[in-house]
Amino acid sequence: MKKNILIIPGDGIGQEVTTWGKKALEKVAEKYGHDFSFDEAIMGHTAIEATGDPLPENTLNKAKSSDAILFGAIGHIKYDNDPSAKVRPEQGLLKIRKELGLYANLRPILLFDELLDASSLKPEVLKGTDILFFRELTGDVYFGEKTRSDDQTFASDLMNYHRYEVERIAHKAYQAAQGRSKRVCSVDKANVLETSRLWREVVQEVATQYPDVETEHMFIDNAAMQLVKNPKKFDVVLTANLFGDILTDEASQIAGSMGMLASASVGDGTGFFEPIHGSAHDIAGQDKANPLASILSAALMLEIAFGLKEEAQALQNAVSQTLKAGWRTGDIANANTADEHRLGTRQIGQKVIDFLQ
Ligand code: IPM
Ligand code: MG
């Protein structure tokens, strides 16, 4: 199979982790006889420094003409501490999501048994958890009108949804549920928000087209609580942009670390694959970052963008074997991890490649 893959490392640890996502893809190509070619482009703080624009035209053009995109991370503390900055790294990510029509963000909470003790939650609560989040990605308060009064004492972000935006992601979630345990939990705040009442109405309608799938509606506050109380009760979770952003960070602790979670953003155009973690400037460039989420994002690319299920599984198995052999980066190590099992980004990345071989 011949594919053009665009790598956008982004900011902070993005460069280090995508290096290993790319190496994993190269190894898969070599082993299974595929022809993957790679190009690279800038985005975020890195792009602001180079061009003044968090998403330069050239990056967007390359993105549109590639077959899939592997993205690293975005953000810089400089902006986090300066809320008045007009140009911000995150604008690049939001714009590319919008421009590529990536309305569905799939975030699987993949639990490796070897990491049951890496979470702050009890292993018996976690064991057996397997959740697939469908987070709406191009609507909601993220993209609604923003205002600030002239005297700077008032601000607003408009939360809004169109019926079609809810419909299309709901269909994706129900279709996925049909191939899993046939349960969808739709999360909203319909007891308070009008957007959530529209959301619930549309989901109820879509649900009638999937009579084999069981639907549960849950309020976001309750869902946030249930997720740590009994994560096994969830299978496919369908939710809006902001709720999904928050719930998936929470859910990452089920998998042991943010450094383990991959995601796929899909929709109208080129698919976009990225870890859910941020740019982690505090450890950037120190060979400390966990590259497994980037490698698992590459696996999602193989499966979802290219339909290469066997290759994706092989890559996931290589990650699993690396963990079984006891290798850990700092974020997934604990007090019982022997010093010689604690590895840097490059070493653990190489272990995965070796297992893939
Ligand atoms: C995510 C991130 C982004 C988001 C930020 C970096 C804009 O937190 O992908 O979850 O809020 O969507
Ligand atoms: Mg987030």
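Counting starts at 1 for both ligands and their atoms, following the listed order. Computation of the quantities below employed the complete heavy-atom set of this structure, encompassing side-chain atoms and omitting hydrogens, waters and symmetry-equivalent molecules.
With respect to E26 and K23, no salt bridge is recorded, no charged nitrogen being found less than 4.0 Å from a carboxylate O. No salt bridge links D331 with K288; every basic N to acidic carboxylate O contact stays at or beyond 4.0 Å. A salt bridge is defined here as a Lys NZ or Arg NE, NH1 or NH2 lying under 4.0 Å from an Asp or Glu carboxylate O, and K31 with E311 fails to meet this definition.
In the model, W199 has a side-chain atom that pairs as donor or acceptor with a side-chain atom of S186 under 3.5 Å. Side-chain N/O atoms of N317 and Q321 include no donor and acceptor closer than 3.5 Å. Looking at Q350 and R346, their side chains never bring a donor and an acceptor atom within 3.5 Å of each other. Using modelled atom types and a 3.5 Å distance limit, the side chains of T337 and R328 yield no donor-acceptor pair.
Taking the ring pair (Phe, Tyr, Trp, His ring centres under 6.0 Å) definition, one finds that Y164 meets it with H162, sequence neighbours left out.
Around the Mg ion (ligand 2), the protein atoms of type N, O or S found under 2.8 Å away are D245 OD1, listed by chain and number.
The ligand atoms of ligand 1 that sit less than 4.0 angstrom from a heavy atom of R107 are 1 (C), 9 (O), 10 (O). Applying the 4.0 Å criterion to heavy atoms of R135 picks out, from ligand 1, the atoms 1 (C), 4 (C), 9 (O), 10 (O), 11 (O), 12 (O).
Shortest contact from atom 11 (O) of ligand 1 to any protein heavy atom: Y142 OH, 2.5 Å. Protein heavy atom closest to atom 10 (O) of ligand 1, with residue, atom name and distance, is D245 OD1, 2.9 Å.
The heavy atom nearest to atom 9 (O) of ligand 1, out of those in E274, R88, R97, E90, is found in R97.
Note on ligand 1: I74 sits in its first shell, one or more heavy atoms being nearer than 4.0 Å. Distances from ligand 1 to the non-hydrogen atoms of M258 include no value under 4.0 Å.
The only member of V17, L93, I7 that meets side-chain contact (heavy atoms from CB on, under 4.5 Å) when paired with F71 is L93.
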